[in-house]
Amino acid sequence: MTIIRNGIILALMAKTPQTAIQELVDDGYSEARIAELLRESDEKCDIAQSTIHRIRTDKQSARYDVGVALIALRDRLRQKPKSSRPAGR
């Protein structure tokens, strides 16, 4: 969705598992690291890198619990200062 306000284009990303993964990858997290962080999280999602990839590329839908965990993980990691995020891709 795109909104134009005062001549400025604002792109709004929906909070979906796919966008959560893509935003984390854009921030420098690998799919493998995202899966690892989900396994270590309070939600304890047992998920593999290959599943993260299929969700990211829209070849598989995320289960509800995995989708909620992905969005929560993205929100948590994006609250951290940029200096504590991964340096590269």
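Atom set for the values below is all heavy atoms of this structure, side chains included, hydrogens, waters and symmetry mates excluded. Numbering of residues begins at 1 and proceeds along the displayed sequence.
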Asks: Where the side chain of T57 meets the backbone of H53, is there a donor-acceptor pair that is under 3.5 Å apart?
Replies: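 Yes.
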
Asks: Is there a path of hydrophobic side-chain contacts, each under 4.5 Å between heavy atoms of I, L, V, M, F, W or Y residues, that connects V68 with V66?
Replies: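 Cluster IDs for V68 and V66 differ.
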
Asks: Looking at CD1 of I34 and CD1 of I21, how far apart are the two atoms once the value is rounded to the nearest 0.5 Å?
Replies: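 Here the interatomic distance stands at 6.0 Å.
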
Asks: Can you tell me how far CD of Q79 sits from CZ of R74, rounded to the nearest 0.5 angstrom?
Replies: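 CD of Q79 is found 10.5 Å from CZ of R74.
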
Asks: Between K15 and D75, does any side-chain N to carboxylate O distance fall below 4.0 Å?
Replies: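 Salt bridge present between K15 and D75.
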
Asks: With rounding to the nearest 0.5 Å, note down the distance linking OG1 in T51 to CZ in R63.
Replies: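 Output value for this atom pair is 8.5 Å.
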
Asks: Measuring from atom CD of Q49 to atom CZ of R56, what distance do you get when rounded to the nearest 0.5 angstrom?
Replies: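 One gets 9.5 Å once the value is rounded to the nearest 0.5 Å.
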
Asks: Applying a strict under-4.5 Å side-chain criterion to I, L, V, M, F, W and Y, I'd like to know whether I52 and I71 cluster together.
Replies: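 They do not share one cluster, since no chain of ILVMFWY contacts under 4.5 Å joins I52 to I71.
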
Asks: Do L77 and L37 touch side chain to side chain, with heavy atoms closer than 4.5 Å?
Replies: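 L77 reaches L37 side chain to side chain.
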
Asks: What I want to find out is whether E36 reaches R39 closely enough, with some N-O distance under 4.0 Å, to be called a salt bridge.
Replies: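 Not counted as a salt bridge, because no side-chain N and carboxylate O are separated by less than 4.0 Å.
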
Asks: Could you check if a side-chain atom of I55 sits within less than 4.5 angstrom of a side-chain atom of I47, using non-hydrogen atoms only?
Replies: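 A side-chain contact under 4.5 Å exists here.
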
Asks: For residues G67 and P17, report the shortest heavy-atom separation together with the two atoms involved.
Replies: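 For G67 versus P17, the nearest heavy atoms are CA-CG, 3.6 Å.
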
Asks: Minimum heavy-atom separation for A69 and C45, please, with both atom names.
Replies: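 Heavy-atom minimum between the residues: CB-SG, 3.6 Å.
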
Asks: NZ of K59 to CZ of R54: how many Å apart, nearest 0.5 Å?
Replies: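 Going from the NZ atom of K59 to the CZ atom of R54 covers 10.5 Å.
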
Asks: At what distance, to the nearest 0.5 angstrom, does CD of E31 lie from CD of Q22?
Replies: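 Going from CD on E31 over to CD on Q22, the span is 9.0 Å.
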
Asks: Does the pair T16 and L70 meet the rule for a side chain to side chain contact (heavy atoms under 4.5 Å, CB included), with working shown?
Replies: CA-CA 9 Å; T16 67; L70 280 164; over 6 Å; no

Asks: Classify the side-chain pair R33/S30 by whether it contains a donor and acceptor separated by less than 3.5 Å.
Replies: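 The answer is no; no qualifying pair exists.
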
Asks: Is there side-chain contact between S41 and R76, with heavy atoms separated by less than 4.5 Å?
Replies: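 Touching, per the 4.5 Å side-chain cut-off.
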
